[in-house]
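A short write-up of the structure that comes next.
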Number of protein chains: 2
Amino acid sequence: MKKTEDGTDWLFDEEVNESGDLTEKQKRIVKAAVEMFQEKGFSASSTSEIARRAGVAEGTIFRHYRTKKDLLLAIVTPVMSHLVAPFIVKDLDKVLKTDYEHYEDFLRAIVKNRQTFIRKHLPIVKILIQEIPFHEELRTQFIEHVAKDLFDRFEKVIIHFQKKGELIQIPPSSAIRLSITAILGFFLARYIMVPEREWDDENEIELTVQFILNGLKAQ
Amino acid sequence: MKKTEDGTDWLFDEEVNESGDLTEKQKRIVKAAVEMFQEKGFSASSTSEIARRAGVAEGTIFRHYRTKKDLLLAIVTPVMSHLVAPFIVKDLDKVLKTDYEHYEDFLRAIVKNRQTFIRKHLPIVKILIQEIPFHEELRTQFIEHVAKDLFDRFEKVIIHFQKKGELIQIPPSSAIRLSITAILGFFLARYIMVPEREWDDENEIELTVQFILNGLKAQ
DNA sequence: CCTCCTAATGAGTGATTACTCACTTTATTA
DNA sequence: TAATAAAGTGAGTAATCACTCATTAGGAGG
């Protein structure tokens with residue numbers, strides 16, 4: 001199911017264990033739950049209506065998921081753990097040297113790669129963002145396995161290109177924040193705030209990348 | 001209650017009609033509701049517990065607010081309408097010429113000003129962000145009176161400095177997106193994602209402003 | 001056909017929900 | 001002080017909540 005992550009093709013998209021060992025009814029439950037959670041939020045979604053939408057008895061939900069919250073976690077955690085997947089690579093330094101000569105190349109690869117991922121799992125990503133503040137497990141898991149990993153790897157990348165003299169000498173944490181918010185800002189505008197607008201993705205990504213590069217260019 | 005907005009001191013902070021004509025118990029209700037909405041979200045907050053926390057009978061809530069949702073809106077809408085207050089000024093062009101010679105000055109003023117606002121109303125801003133997706137009235141009101149206004153004024157500003165040759169010639173909508181997300185990114189990191197960290201606000205704001213300036217500088 | 005086994009069911013559970021209303025207390029004005 | 005209005009109360013309401021469990025359905029192996 002997973003590609004070999006041998007350092008060269010680590011930016012591959014991977015399946016987020018979906019519909020693998022689930023029964024037919026289970027899939028319908030998950031589908032209905034995702035719809036409802038997105039429309040009304042987790043708390044405002046009742047298990048009875050989820051069952052109704054899935055065309056399933058309410059008891060069936062609780063046969064597969066002990067609680068309503070378990071259902072949420074089953075939906076949301078696999079996506080979360082794959083959000084930063086492209087950063088989890090053993091020999092980052094080697095990858096940087098061989099694949100990404102400039103910070104520009106790195107940025108472009110990340111943006112393109114994460115765009116396909118977000119586009120694919122957008123509803124669940126939305127639910128995740130919505131519910132993170134209210135569920136301790138989600139918060140800790142996010143901090144431990146997403147934010148920390150992301151930050152650590154990103155920091156290495158920044159320092160790498162600072163040493164090469166490409167990037168301005170500011171605290172890496174600030175450079176990370178500025179890079180990530182510019183990228184997230186694009187995704188936010190593109191897929192959440194104004195998805196109905198006709199976007200020239202190629203061009204908009206290019207603008208964003210150039211914006212970051214100029215903003216962080218060594219003076 | 002409001003300062004005169006005569007074009008020079010339009011970046012003043014204004015009171016968001018709080019605690020003006022409210023009774024003592026009403027204030028306690030609002031305070032308890034804000035706490036609960038922030039902790040558990042709107043849907044997961046029960047009116048019975050809000051009443052309990054406020055030290056008030058449950059009926060008292062419904063004397064002042066017809067429904068639970070009315071309570072939410074009463075809390076959230078005044079803050080929303082003041083979010084973009086500094087942009088609502090009659091003669092923007094004049095202000096630009098007299099007060100802000102460079103885009104840099106404009107940016108710095110906006111960031112500083114909105115920081116005091118957000119810091120002051122952070123809990124309600126958080127609730128607003130959380131609940132916007134689930135309440136049609138909030139969404140439309142946000143689009144009509146916040147996003148639209150903000151966008152229109154910001155567009156004028158961008159075009160103004162593009163004409164002056166300060167800013168790169170890219171679509172103003174893109175320049176707005178990049179500017180705003182960098183600023184919002186700072187607020188997000190500063191007050192929501194990692195508020196517990198010790199921030200050197202002055203320095204971080206300076207970095208953010210310079211990042212935007214370099215990113216959008218005419219080549 | 002019988003025996004297992006698991007998936008699926010849906011009526012039933014007590015708790016909780018947002019909200020009402022007849023009534024009491026407090027404040028305002030004449 | 002008497003009259004009127006406004007603020008506050010809390011027991012009561014029907015509806016809905018997440019969840020349980022005894023029962024049924026259906027397929028596999030013998």
Side-chain angles (χ1 to χ4, degrees), chain A residues 17-77 127 130-131 133-138, chain B residues 17-77 127 130-131 133-138:
Chain A
N17 170 44
E18 56 191 351
S19 63
D21 42 358
L22 302 183
T23 69
E24 193 54 43
K25 306 222 166 190
Q26 229 173 326
K27 289 183 205 166
R28 299 231 303 275
I29 291 170
V30 167
K31 186 163 168 268
V34 168
E35 278 178 31
M36 284 217 58
F37 290 165
Q38 182 162 223
E39 282 173 28
K40 328 172 97 185
F42 172 76
S43 283
S45 303
S46 69
T47 50
S48 66
E49 199 185 338
I50 293 174
R52 232 196 50 233
R53 285 208 200 184
V56 159
E58 198 172 354
T60 309
I61 293 179
F62 292 95
R63 173 146 318 267
H64 296 287
Y65 308 95
R66 277 178 45 261
T67 65
K68 184 182 153 194
K69 188 162 183 169
D70 275 7
L71 174 57
L72 171 71
L73 297 181
I75 290 173
V76 133
T77 50
I127 295 170
Q130 275 293 327
E131 297 303 328
F134 305 129
H135 306 273
E136 181 63 26
E137 318 88 315
L138 285 183
Chain B
N17 170 46
E18 55 190 351
S19 64
D21 41 358
L22 301 185
T23 69
E24 193 55 41
K25 305 223 165 190
Q26 228 173 330
K27 289 183 208 167
R28 298 232 303 275
I29 290 170
V30 167
K31 184 160 169 269
V34 168
E35 278 178 32
M36 284 219 58
F37 290 165
Q38 185 165 210
E39 281 173 28
K40 329 171 95 185
F42 171 76
S43 285
S45 303
S46 70
T47 50
S48 66
E49 198 185 338
I50 293 174
R52 232 196 50 233
R53 285 208 199 183
V56 158
E58 198 172 351
T60 310
I61 294 178
F62 292 96
R63 171 143 320 266
H64 296 286
Y65 307 95
R66 276 178 46 260
T67 64
K68 185 182 150 194
K69 187 162 183 168
D70 275 7
L71 173 58
L72 171 71
L73 297 181
I75 289 173
V76 133
T77 50
I127 295 170
Q130 273 293 328
E131 297 303 328
F134 304 129
H135 306 274
E136 181 63 25
E137 318 88 316
L138 286 183

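Just so we're on the same page: letters track the sequence lines, and every chain starts at 1.
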**Partner residues of Ala54(A) under the side-chain contact (heavy atoms from CB on, under 4.5 Å) criterion, sequence neighbours left out** = Arg28(A), Ile29(A), Ala32(A), Val56(A)
**Message:** Using whole Å, what does the distance between atom P of nucleotide dC19(C) and atom CD1 of Ile29(B) come to?
**Reply:** 14 Å
**Validation row: Phe37(A), Val76(A) side chains within 4.5 angstrom (heavy atoms)** = no
**Complete:** Between the CD atom in Gln130(A) and the CG atom in Leu138(A), the distance rounded to the nearest 0.5 Å is 12.5 Å
**Request:** Would you mind reading off the distance between Ile61(B) atom CD1 and dT9(D) atom P, rounded to a whole angstrom?
**Result:** 10 Å
**Fill in**
From CG of Asp70(B) across to P of dA18(C) the rounded distance in Å is 14 Å
**Message:** Side-chain N or O of Thr23(B) versus OP1/OP2 of dG8(D): is the shortest distance under 4.0 Å?
**Reply:** yes
**Message:** Contact list please: residues 42-53 of chain B against DNA chain C, heavy atoms, distance less than 4.0 Å, in numerical order.
**Reply:** Ser45(B), Ser46(B), Thr47(B), Ser48(B)
**Request:** Calculate the interatomic distance between Met36(B) atom CE and dA18(C) atom C1'; express it in whole Å.
**Result:** 14 Å
**Item:** Considering all heavy atoms, the nearest Thr47(B)-Phe62(B) contact
**Value:** CG2-CZ, 3.7 Å
**Message:** Counting neighbours of NZ on Lys31(B) that are heavy atoms of other residues, nucleotides or ligands and sit closer than 6.0 Å, is the number greater than 12?
**Reply:** no
**Prompt:** Can you check whether His64(B) has a side-chain N or O nearer than 4.0 Å to OP1 or OP2 of dA6(D)?
**Reply:** no
**Prompt:** In whole angstrom, what separates Leu22(B)'s CG from dA7(D)'s C1'?
**Reply:** 14 Å
**Message:** Output the rounded distance in Å from CZ (Arg66(A)) to C1' (dT20(D)).
**Reply:** 13 Å
**Request:** Provide the closest heavy-atom pair for Ser43(B) versus Lys68(B) in the form atom of the first, atom of the second, distance.
**Result:** O-NZ, 3.5 Å
**Request:** Looking at every strand, decide which applies to Glu58(B) at a 4.0 Å heavy-atom threshold: base, sugar-phosphate, or nothing.
**Result:** base
**Phosphate-side-chain proximity, Lys68(B) and dT17(C), N/O vs OP1/OP2 below 4.0 Å** = no
**Asked** Rounded to the Å, how far apart are Lys69(B) NZ and dA18(C) C1'?
**Response** 14 Å
**Prompt:** Where do Val30(B) and Tyr65(B) land on the side-chain contact (heavy atoms from CB on, under 4.5 Å) test, with the steps shown first?
**Reply:** CA-CA 11 Å; Val30(B) 167; Tyr65(B) 307 95; 3.5 Å; yes
**Asked** With respect to the phosphate group of dT9(C), does any side-chain polar atom (N or O) of Lys25(A) fall under 4.0 Å of OP1 or OP2?
**Response** yes
**Residue pair Glu58(A) / Ser48(A), side-chain donor-acceptor N/O under 3.5 Å** = no
**Prompt:** Closest heavy-atom contact between Glu39(A) and Phe134(B)?
**Reply:** O-CD2, 3.3 Å
**Asked** Atom CD of Glu24(A) and atom C1' of dG26(D): how far apart are they, to the nearest Å?
**Response** 16 Å
**Base versus backbone protein contacts along nucleotides 21-28 of chain C [heavy-atom cut-off under 4.0 Å; B, S, -]** = -B------
